[in-house]
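Structure first, commentary second.
Here the structure is a predicted model, which is why all the values come from computation and not from measurement. Just so you know, ligand 1 is whichever comes first in the structure, and atom 1 is the first atom listed for that ligand. Atom set for the values below is all heavy atoms of this structure, side chains included, hydrogens, waters and symmetry mates excluded.
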Amino acid sequence: MPLSKRNKVLVVGMDGLRFDRLRALGAPVLDGLMSSGAYGTSKLPYGEAGTPRTESPGEIVPKSPESGGRVIASRTDSGPGWSSIATGVWPDKHGVVDNAFTNPNFTKFPDFLTRAKNVRPELTTAAFFSWTSLDEHGAFSRAIDHRFVVDGYGMGLWAEADLQVAEAAERHLADADADAVFVYLGDTDEVAHDLGPHCPEYFAALQTQDAYLGRLLDAVRGRSTYPGERWTVLVTTDHGHVDEGGHGGTSDEERTVFVIANRLGEDLGGRSLSGPRLVDVGPTALGVLGIAADPAWELDGTDLFINC
Ligand SMILES: [Zn+2]
């Protein structure tokens with residue numbers, strides 16, 4: 001690989017996507033990224049026992065080997081999950097323990113796009129998402145160059161929000177001087193809350209999001225500058241769901257998450273990543289951009305490609 005190629009990274013998040021359901025149902029684009037990439041699962045080091053369908057501050061805490069011996073008081077909700085993906089640290093550091101975002105600490109622990117921009121101001125960063133809480137509370141900061149935020153709750157139909165997010169991201173990836181991009185798709189979570197992850201509608205939402213992912217990858221491959229670029233694609237989720245729908249608790253179904261890593265045009269052989277964690281996503285994206293984590297950042301995650 002010529003060193004002159006410009007490294008770029010696309011991170012795609014699919015909310016509430018259960019990996020076992022993905023494997024059972026199949027999704028052509030995600031399956032392709034796995035077979036030519038590297039992937040694995042891990043369990044979130046937090047969760048509140050027994051209340052997957054309720055909202056609460058998250059006070060009951062399991063001590064788990066995944067937490068590295070720390071006690072992390074948090075529900076397996078979207079707020080803690082996306083904040084961990086964004087920042088590379090767990091909820092006891094970034095402060096988001098449920099969907100209330102009561103006491104976030106994004107000043108000390110900013111998102112990976114903001115860190116990338118701080119270290120390499122010449123980079124162009126972008127984030128596209130439909131959950132406004134991630135904007136209002138600063139999980140993805142306003143220092144990001146291009147921000148496309150629509151209100152999935154306000155629209156009442158998350159599938160429509162996903163469509164708008166996907167189309168905006170597709171345009172950006174096709175035409176812009178994009179270096180680091182985050183895209184969030186949320187209908188899988190919405191459907192699972194309503195009907196559970198075993199219904200036909202969950203399959204349909206997965207296929208739709210998979211097709212959007214395919215359009216994003218086509219946009220990348222169609223860039224006029226693509227021959228001089230080396231794109232890394234990371235796909236992840238923030239939590240799972242219990243069989244009847246809902247999350248927040250400690251079951252394996254809620255705590256199991258995945259990370260898929262792929263380098264477009266290179267074959268990583270579908271190998272296993274050893275327990276990739278949500279906190280590894282940000283450091284991996286930064287590593288792609290040639291940015292090594294500063295110990296002063298106190299990140300919990302590591303670059304998945306160091307041993308890959
Ligand atoms: Zn979620």
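The Zn ion (ligand 1) sits nearest to atom OD2 when only the N, O or S atoms of D238 are considered. The Zn ion (ligand 1) sits nearest to atom OD1 when only the N, O or S atoms of D15 are considered.
With sequence neighbours excluded, the residues satisfying side chain to side chain contact (heavy atoms under 4.5 Å, CB included) with S36 are N262, D267.
At a threshold of 4.0 Å, the pair R70-D300 counts as salt-bridged, since one of the basic side-chain nitrogens sits closer than that to a carboxylate oxygen.
Residues W82 and Y184 bring their aromatic ring centres within 6.0 Å.
Residue contacts to the Zn ion (ligand 1): T237 brings no N, O or S atom closer than 2.8 Å. Contact annotation: H247 places no N, O or S atom under 2.8 Å from the Zn ion (ligand 1).
Residue pairs meeting the side chain to side chain donor-acceptor pair (under 3.5 Å) criterion with at least one member in residues 109-118, sequence neighbours excluded, are D111-T114, T114-S141, K117-D145.
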